[in-house]
Undergrad: 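Attaching a single structure in structure tokens format; questions to follow.
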Amino acid sequence: MEEQTKAAPRGAAAHDSMLRGGLKFTHLRMIVALDEHGSVSAAAETMNVSQPAASRTIAEMEQIAGARLLERLPRGVRLTPYGQALARRARSILLELREADREISDLRSGTGGTVNIGAVTAPAIDLAVPAIRELRARHPRLEISIQVETSNVLARELLASRHDLIIARIPEDLNPRLFESRVIGIEKACLIARRGHPVLGARKVPLEKTAAFDWVLQPSGSLLRRTVEQHFIRHDVPLPERILNTSSLLLTLVMVAQSDAIAAVSIDVARFIRQSLGGAIDVVPLAFEIEVQPYSLITARNRTLSAAAIMLRDAILKRIR
DNA sequence: ACATTAACGCGATGAGCCAC
DNA sequence: GTGGCTCATCGCGTTAATGT
């Protein structure tokens, strides 16, 4: 009986040393700053305290955690696996607090909420914009921000809590477990050129004919670009040599309209351009289709969406059913 | 060069006491 | 019971000295 009462507490109660030990907001900010800067003095500077104060904060954290959180190196410090675990959790707690801050601020200001969405170009035009239009009609005071970028950029922005949700693909170099995603659309791409472009004479333009011209492509490593490059490799055609890298659709269109440059864009984008620009730009007819990996509606795992973000997500999902 | 430790200062807080 | 005052304590910051 005596042994029983002396035994370590079980379940959740066995893992509350952080709470009982008095882990503070400052500690969370410090471990994140240490992870980002790799030095106590740099972390201290970002938190506007002296370096010894930071050192004492670290000692407190290690005392509370009951584990060594940092390796002291000749130049700076490095987080131990314990430190990394705490930093990861601390980041998520701080992000949640930021979200709570935003939600309270929305409620106080009576704006009806804010929502930040990111999307790659095609679904931005085809899905995000119509969903936003619909939402705005129902909730005119809702503040909505949209960023159009490549999946690489958007996924990182999502993890940094700068977006509530994105329509993109999870980049190969990021852990898919960090996200919750649902495939919502396939994307086909095509090549575009200005009306009257030399390649447009043929019924089916062979790829090798296009390689000699300037190209406008998304930055290296982006999915659309990789897909296009794979077509060149598969058809045994040397890759274009003169490439302008940009993720800006506007710049792409200007380049294509004002020069002999060829660009790769999604079919949805091309359709929109043809309708809107009065035929200044044409689709290059190819003998094959360019299929890009499907895109998904992606949110950060373990992050609760605000009411405004849920409304936008539902408006998007409604359009694909 | 960078981290830790020691000594100290300052402001916030709570306990104890007293007057009203 | 309430408000005002004093004082001890605590938390958290600093600088200076010391260690790696």
Side-chain angles (χ1 to χ4, degrees), chain A residues 2 4-111 113-114 116 152-153 155-164 171-175 177-178 220-221 300-306:
Chain A
E2 183 71 12
Q4 194 103 38
T5 53
K6 278 185 179 174
R10 288 178 198 172
H15 300 295
D16 64 352
S17 69
M18 300 274 187
L19 290 172
R20 279 188 289 115
L23 196 80
K24 298 184 187 77
F25 189 58
T26 313
H27 295 134
L28 301 180
R29 287 177 59 219
M30 179 59 76
I31 194 78
V32 170
L34 287 163
D35 192 24
E36 280 170 4
H37 294 95
S39 110
V40 175
S41 46
E45 200 180 326
T46 61
M47 291 184 64
N48 289 320
V49 295
S50 68
Q51 188 269 316
S55 189
R56 195 160 61 189
T57 306
I58 295 163
E60 284 167 7
M61 266 194 294
E62 292 188 320
Q63 170 78 32
I64 292 165
R68 199 81 168 150
L69 301 174
L70 303 180
E71 274 179 70
R72 278 71 175 171
L73 307 170
R75 297 227 177 251
V77 292
R78 181 169 54 215
L79 266 58
T80 63
Y82 303 116
Q84 285 168 11
L86 181 58
R88 195 176 62 246
R89 299 287 179 177
R91 249 193 206 95
S92 146
I93 292 165
L94 293 173
L95 289 174
E96 276 294 314
L97 279 172
R98 199 193 297 169
E99 287 302 299
D101 191 24
R102 190 176 85 178
E103 215 163 321
I104 288 168
S105 155
D106 287 343
L107 287 169
R108 280 160 60 112
S109 64
T111 57
T114 59
N116 299 311
N152 276 337
V153 174
R156 283 167 173 79
E157 298 270 295
L158 177 67
L159 290 180
S161 214
R162 283 189 279 272
H163 289 312
D164 296 299
E172 282 169 15
D173 60 328
L174 290 180
N175 182 356
R177 289 174 206 275
L178 298 172
S220 202
R301 192 174 290 267
N302 298 330
R303 196 188 311 154
T304 42
L305 289 178
S306 67

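In what follows, chains are A, B, ... by sequence order, proteins preceding strands, each numbered from 1. Note that the structure is predicted; figures quoted are calculated from it, not measured.
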Undergrad: Does Phe25(A) form a side chain to side chain contact (heavy atoms under 4.5 Å, CB included) with Ile93(A)? I'd like the steps, not just the answer.
TA: CA-CA 9 Å; Phe25(A) 189 58; Ile93(A) 292 165; over 6 Å; no
Undergrad: Between the two end axes of the helix from dA1(B)-dT20(C) to dC20(B)-dG1(C), each built from 5 base pairs, what angle do you get to the nearest 10°?
TA: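 Inter-axis angle at the ends, rounded: 10°.
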Undergrad: At what distance, to the nearest 0.5 angstrom, does OG1 of Thr57(A) lie from NE2 of His27(A)?
TA: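 Output value for this atom pair is 5.5 Å.
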Undergrad: To the closest 0.5 Å, what do you measure between CG (Leu178(A)) and CZ (Arg301(A))?
TA: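 Answer for the CG-CZ pair, Leu178(A) versus Arg301(A), is 8.5 Å.
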Undergrad: Between Asp35(A) and Arg91(A), is the closest basic N to carboxylate O distance under 4.0 Å?
TA: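 The answer is yes: the pair qualifies as a salt bridge.
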Undergrad: What is the minimum heavy-atom distance between Leu34(A) and Val77(A), and which atoms define it?
TA: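 Closest approach of Leu34(A) to Val77(A): CD2-CG2, 4.1 Å.
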Undergrad: Would you indicate, yes or no, if dA1(B) has its OP1 or OP2 atom less than 4.0 angstrom from a side-chain nitrogen or oxygen of Ser41(A)?
TA: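 Ser41(A) to dA1(B) OP1/OP2: no side-chain N or O under 4.0 Å.
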Undergrad: Name every residue in residues 78-87 of chain A that has at least one heavy atom under 4.0 Å from any atom of DNA chain B, in order of residue number, or write none if there are no such residues.
TA: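 Residues of residues 78-87 of chain A under 4.0 Å from DNA chain B: none.
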Undergrad: Ala54(A) and Met30(A): which non-hydrogen atoms are nearest, and at how many Å?
TA: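 Minimum heavy-atom contact is CB-CE, 3.4 Å.
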Undergrad: Closer than 4.0 Å, any side-chain N/O of Lys24(A) to the OP1 or OP2 of dC12(C)?
TA: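 Answer yes for this pair, as a side-chain N or O of Lys24(A) is under 4.0 Å from OP1 or OP2.
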Undergrad: Could you give the CD-to-C1' distance, from Glu60(A) to dT5(B), as a whole number of Å?
TA: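 Interatomic distance, CD of Glu60(A) to C1' of dT5(B): 14 Å.
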Undergrad: Base, sugar-phosphate or nothing for Ser39(A)? Non-hydrogen atoms, less than 4.0 Å.
TA: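 Sugar-phosphate contact only.
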Undergrad: What is the distance, rounded to the nearest whole Å, between atom CD1 of Ile64(A) and atom P of dG11(C)?
TA: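 For the pair Ile64(A) CD1 and dG11(C) P, the rounded distance is 11 Å.
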Undergrad: Side chains of Glu96(A) and Ser161(A), heavy atoms from C-beta outward: is any pair under 4.5 Å?
TA: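 Sidechains of Ser161(A) and Glu96(A): no contact.
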Undergrad: Do Arg68(A) and Glu62(A) meet the salt-bridge criterion of a basic N to acidic O distance under 4.0 Å?
TA: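 Salt bridge present between Glu62(A) and Arg68(A).
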Undergrad: To the nearest Å, how far apart are Glu71(A) CD and dA3(B) P?
TA: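 Rounded to whole Å, this separation is 14 Å.
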Undergrad: Figure out the CD1/C1' separation between Ile58(A) and dC12(C), and round it to whole Å.
TA: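 Answer to the nearest Å: 15 Å.
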Undergrad: Does a side-chain heavy-atom distance below 4.5 Å link Leu174(A) with Asn152(A)?
TA: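 With C-beta onward as the side chain, the pair stays apart.
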Undergrad: When the distance from CE of Met30(A) to C1' of dG11(C) is rounded to whole Å, what number comes out?
TA: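 So the CE-C1' distance, Met30(A) to dG11(C), works out to 15 Å.
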Undergrad: Does Glu36(A) have more than 12 heavy atoms from other residues, nucleotides or ligands lying within 6.0 Å of its CD?
TA: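 Check passes, neighbour count above 12.
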Undergrad: Between the protein and nucleotides 14-18 of chain C, list the N/O to N/O atom pairs that are separated by less than 3.5 angstrom.
TA:
from, atom 1, to, atom 2, distance (Å)
dT14(C), OP1, Ser50(A), N, 3.4
dT14(C), OP2, Ser50(A), N, 2.6
dT14(C), OP2, Ser50(A), OG, 2.5

Undergrad: Calculate the interatomic distance between Met47(A) atom CE and dG13(C) atom P; express it in whole Å.
TA: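 After rounding, the gap between these two atoms is 8 Å.
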Undergrad: To the nearest 0.5 Å, what is the distance between CD1 on Ile31(A) and CD on Gln84(A)?
TA: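 Interatomic distance, Ile31(A) CD1 to Gln84(A) CD, rounded to 0.5 Å: 9.5 Å.
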